[in-house]
Student: 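Let me give you the structure first, and then I'll get to my questions.
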Amino acid sequence: MKKSKLLRRISLLMLLIALIFVACALSCPTLGHTIYIGTFRFGAEQWRVCYAIYVVVMLACFIASIFAKRREDAYE
């Protein structure tokens with residue numbers, strides 16, 4: 001199997017795992033524990049932002065794997 005196809009399948013698997021993780025995490029009504037860092041409160045709203053960033057990064061990695069293949073083909 002070509003390396004680019006293997007990497008694309010791995011990135012697709014990671015994206016699916018990320019989506020399942022976020023769906024499970026968001027189904028929890030408390031979204032974990034509230035963490036206090038000094039006077040800063042890291043609660044459910046901040047966890048939602050972190051989960052959204054996580055999904056966006058995983059989606060970007062998957063899209064990058066598609067463009068990496070096209071770039072690789074240009075050199076062959």
Side-chain angles (χ1 to χ4, degrees):
M1 183 184 304
K2 289 179 71 175
K3 188 189 295 188
S4 61
K5 286 185 180 183
L6 177 65
L7 291 174
R8 187 171 304 122
R9 289 182 181 172
I10 290 171
S11 65
L12 179 61
L13 178 67
M14 290 174 64
L15 177 62
L16 291 175
I17 291 170
L19 292 174
I20 292 169
F21 168 74
V22 169
C24 291
L26 291 177
S27 68
C28 177
T30 59
L31 285 175
H33 299 285
T34 300
I35 299 171
Y36 292 95
I37 303 171
T39 59
F40 179 72
R41 180 181 175 269
F42 198 85
E45 299 82 23
Q46 290 80 18
W47 285 116
R48 283 188 180 93
V49 171
C50 290
Y51 294 148
I53 291 170
Y54 180 63
V55 169
V56 168
V57 168
M58 292 307 299
L59 185 61
C61 288
F62 178 68
I63 292 171
S65 73
I66 294 171
F67 288 117
K69 180 191 180 296
R70 290 182 185 166
R71 183 175 171 203
E72 181 180 294
D73 288 342
Y75 292 115
E76 291 179 1

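Note that the structure is predicted; figures quoted are calculated from it, not measured.
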Student: Decide whether Leu12 and Leu6 are clustered together by the hydrophobic rule: side chain heavy atoms of Ile, Leu, Val, Met, Phe, Trp, Tyr closer than 4.5 Å, transitively.
Tutor: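 Yes, same cluster.
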
Student: Please give me the minimum heavy-atom distance between Arg41 and Thr34, naming the atom from each residue.
Tutor: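 Residues Arg41 and Thr34, closest heavy atoms: CG-CG2, 3.5 Å.
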
Student: Looking at CZ of Phe40 and CD of Gln46, how far apart are the two atoms once the value is rounded to the nearest 0.5 Å?
Tutor: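 With rounding to 0.5 Å, CZ (Phe40) is 5.0 Å from CD (Gln46).
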
Student: Does anything in residues 11-21 form a side chain to side chain donor-acceptor pair (under 3.5 Å)? List the pairs, not counting sequence neighbours.
Tutor: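 As it turns out, the side chain to side chain donor-acceptor pair (under 3.5 Å) pairs with a partner in residues 11-21, which skip direct neighbours, are Ser11-Ser65.
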
Student: To the nearest 0.5 Å, how far apart are OH in Tyr54 and CG in Leu19?
Tutor: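 That separation rounds to 9.5 Å.
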
Student: Over all heavy atoms of both residues, which pair between Val22 and Tyr51 is shortest? Give the atoms and the distance, please.
Tutor: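 Heavy-atom minimum between the residues: CG2-O, 3.9 Å.
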
Student: So among Val55, Val57, Val56, which one has a side-chain contact (heavy atoms from CB on, under 4.5 Å) with Ile53?
Tutor: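 When Val55, Val57, Val56 are each tested with Ile53, the side-chain contact (heavy atoms from CB on, under 4.5 Å) holds only for Val57.
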
Student: Test of understanding: with side chain to side chain contact (heavy atoms under 4.5 Å, CB included), list the residues that count as partners of Leu13, not counting sequence neighbours.
Tutor: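 In terms of side chain to side chain contact (heavy atoms under 4.5 Å, CB included), with neighbours along the sequence ignored, Leu13 is linked to Ile17.
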
Student: With ILVMFWY side chains joined below 4.5 Å, transitively, what does Tyr36's cluster contain besides itself?
Tutor: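 Besides Tyr36, the cluster holds no residue at all.
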
